[in-house]
Amino acid sequence: MPELPEVQTIVDDLHKVLKKKRILSIRVTKPRLLHNPLTFLRQHLVGATIRSVRRRAKLLLFDLSSGYTLIIHLKMTGQLIWRSHLGKLSGGGHPIVGVASVPNRYTHITIDLSGGSRLYFNDVRQFGYFKLLPTSALVQHFSSYGPEPLSVDFSLSGLRAELQRRRRSTIKAALLNQQVVAGIGNIYADESLFVAGLSPSRRVGRLTQVQAAKLYRAIRQVLKRAVHSRGTSFSNYVDGLGRTGTYWPRRLVYGRAGSPCRRCGRTIKRTVVAGRGTNFCPHCQK
DNA sequence: ATTTATGTTTACAG
DNA sequence: CCTGTAAACATAAA
């Protein structure tokens, strides 16, 4: 559920509190969520120090002193909550209705850290996962992912090239395709398309050069603003303290079907494109 | 009480 | 190669 801005917010918050912490033990009640044997995980995790917490696409990366990197995907309903020995909270993820404390019935993995703090992985639908890889294997592991949209790796010419390969696809499907650009999900796909003035169901091949450039700029602008707002949320993200991001009240179309368009005042419509609920303004987006 | 929808990704069919 | 659909699982809303 969390997309790039939400994952970035969680990563930034967790990096502050987890950096230099040593992993003392790990407990798993749902082995299905691990992509490695538990013994292998323990072997390279326990005793290692967390060097840094980073993000690639929608995944969190924990670089360890053991030469391994722990990859965590929150998928739709995962959350990572850190709690200090005094009860201070950090991290975040999908909010769980009526459940504010950790651990709880959705806590599937617990990591004990030096200093008496703990990191809890909670996931209602259990789609999320933990995967441990040698740090040296990361480049290969992410070779099928497109560029980070907020880095210099993401260029207009590169986007054009990727779009060219998928000219029969709808623009929305292309934005959701992680091979085109990494980190965009349903919310920011809809928001970017509104800012670019493009209909979600439009075929990629029918984009003009000017429109592709508008889309490129829209993606970067929308994601930058969302990161600065600590994500969107309300229904898709809260931080460790239960606070939502502030992008939600600023959103332009996502979840606003039936409400007036902020630009033209006409009604925002909802359809299904690329198999996903899609919100757009038929008047402002062509 | 059923049915429908949910922010993700992958496997599979066409 | 490309695209659309279903499915992994659980819950809340309709």
Side-chain angles (χ1 to χ4, degrees), chain A residues 1-10 29-35 55-60 71-80 92-99 104-109 121-131 141-142 144-146 161-193 200-206 222-223 226-227 229-239 244-245 247-248 251-258 270-279:
Chain A
M1 43 127 0
E3 303 177 33
L4 185 153
E6 290 79 30
V7 176
Q8 187 65 55
T9 302
I10 296 169
T29 55
K30 282 276 190 308
R32 188 159 45 81
L33 305 182
L34 302 180
H35 283 199
R55 179 192 59 75
R56 173 74 170 108
K58 297 170 191 168
L59 296 102
L60 296 98
I71 299 176
I72 300 177
H73 202 313
L74 301 176
K75 285 290 186 91
M76 289 185 71
T77 56
Q79 58 171 212
L80 276 171
H94 190 277
I96 299 177
V97 179
V99 180
N104 55 54
R105 58 189 285 223
Y106 302 111
T107 300
H108 308 308
I109 300 174
F121 175 69
N122 315 316
D123 192 348
V124 173
R125 290 179 72 177
Q126 305 174 28
F127 290 170
Y129 63 82
F130 276 41
K131 181 176 194 142
H141 187 261
F142 285 107
S144 58
Y145 282 79
E162 285 297 320
L163 292 179
Q164 182 61 24
R165 292 176 52 196
R166 295 170 176 80
R167 52 188 173 282
R168 308 175 63 140
S169 161
T170 60
I171 313 182
K172 172 139 179 177
L175 288 187
L176 292 175
N177 188 329
Q178 301 298 297
Q179 295 183 39
V180 173
V181 51
I184 297 177
N186 208 26
I187 295 177
Y188 298 109
D190 280 6
E191 294 293 301
S192 298
L193 288 168
S201 56
R202 181 161 185 155
R203 298 288 151 177
V204 167
R206 299 202 45 234
V222 164
L223 291 177
V227 168
S229 303
R230 288 178 59 82
T232 286
S233 254
F234 140 73
S235 58
N236 88 327
Y237 163 80
V238 289
D239 68 15
T244 68
Y247 193 82
W248 183 252
R251 78 201 192 284
L252 300 167
V253 287
Y254 184 83
R256 296 193 67 243
R270 184 185 184 282
T271 57
V272 174
V273 178
R276 315 291 300 279
T278 298
N279 304 269

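Worth knowing before you read on, the calculation uses all heavy atoms, side chains too, and leaves out hydrogens, waters and symmetry mates. Below, chains carry the letters A, B, ... as their sequence lines are ordered, and counting in each starts from 1.
When rounded to the nearest whole Å, the span between CE of A:M76 and P of C:dA12 equals 14 Å. If you measure from atom CD of A:Q164 to atom C1' of C:dC2, you get 14 Å, rounded to the nearest angstrom. Atom C1' of nucleotide C:dG4 and atom CG of A:N177 are separated by 13 Å, given to the nearest angstrom. In this entry the distance linking CD of A:Q126 with P of C:dA7 reads 19 Å, nearest Å. Between the CZ atom of A:R125 and the C1' atom of B:dT8 there is a distance of 9 Å, given to the nearest Å. Counting to the nearest Å, the C1' atom of B:dG7 and the CG atom of A:D190 are 11 Å from each other. When the C1' atom of B:dT8 is taken as reference, atom CZ of A:R55 falls 16 Å away, rounded to whole Å. A:L33 places its CG atom 11 Å from the C1' atom of C:dA8, with the value rounded to the nearest Å.
OP1 or OP2 of C:dC1 has not a single side-chain nitrogen or oxygen of A:R165 nearer than 4.0 Å. The phosphate of C:dA10 (OP1 or OP2) has no side-chain N or O of A:Y106 nearer than 4.0 angstrom. For C:dT3, one of the phosphate oxygens OP1 or OP2 lies less than 4.0 angstrom from a side-chain nitrogen or oxygen of A:S169.
For the side chain to side chain donor-acceptor pair (under 3.5 Å) condition, the pairs that include at least one residue of residues 172-186 of chain A, sequence neighbours left out, are A:K172-A:N186, A:K172-A:D190, A:K172-A:T278.
Distance OG1/A:T9 to CZ/A:R55: 9.5 Å, rounded to 0.5 Å. Taken to the nearest 0.5 Å, the CZ atom of A:F130 stands 5.5 Å off from the CG atom of A:L80. One distance of note links NZ of A:K131 with CG of A:L59; it measures 10.0 Å at 0.5 Å rounding. Remark: A:R251 CZ to A:I187 CD1 distance equals 9.0 Å, nearest 0.5 Å.
Atom C1' of B:dT4 sits at a distance of 15 Å from the matching atom of C:dA6, rounded to the whole Å. Spacing between C:dC9 and B:dA1 at atom P, rounded to whole Å, works out to 23 Å. Comparing C:dA14 with B:dG7, their P atoms sit 15 Å apart, to the nearest whole Å. Rounded to a whole angstrom, the distance from the P atom of B:dT9 to that of C:dA12 is 23 Å.
Relative to the side chain of A:E3, the nucleotides C:dA8, C:dA10, B:dG7 differ in distance, and B:dG7 lies closest. Comparing C:dC2, C:dT11, B:dT6 by their nearest atom to the side chain of A:V124 picks out C:dT11.
Between A:H73 and A:Y129, the angle of the ring planes lies from 30° to 60°, which puts this pair in the tilted group.
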**Request:** Treat primed atoms plus P, OP1 and OP2 as sugar-phosphate and everything else as base, then score nucleotides 9-14 of chain B 5' to 3': B for base contact with protein heavy atoms under 4.0 Å, S for sugar-phosphate contact only, - for none.
**Result:** B-----
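Here the side chains of A:R202 and A:T170 are not in contact, with every heavy-atom distance at 4.5 Å or above.
Among all heavy-atom pairs drawn from A:A174 and A:L163, the shortest one is CB-CD2, 4.0 Å. Between A:K58 and A:I184, the shortest heavy-atom contact is NZ-O, 3.1 Å.
Counting only Watson-Crick and G-U wobble pairs whose two key distances fall under 3.5 Å, DNA chain B forms stems of three or more stacked pairs at B:2-6 with C:10-14, B:8-14 with C:2-8.
Across all strands shown, A:R270 has heavy atoms under 4.0 Å from sugar-phosphate atoms exclusively, and none from any base.
Ring centroid separation for the pair A:Y188 and A:Y247 comes in under the 6.0 Å cut-off.
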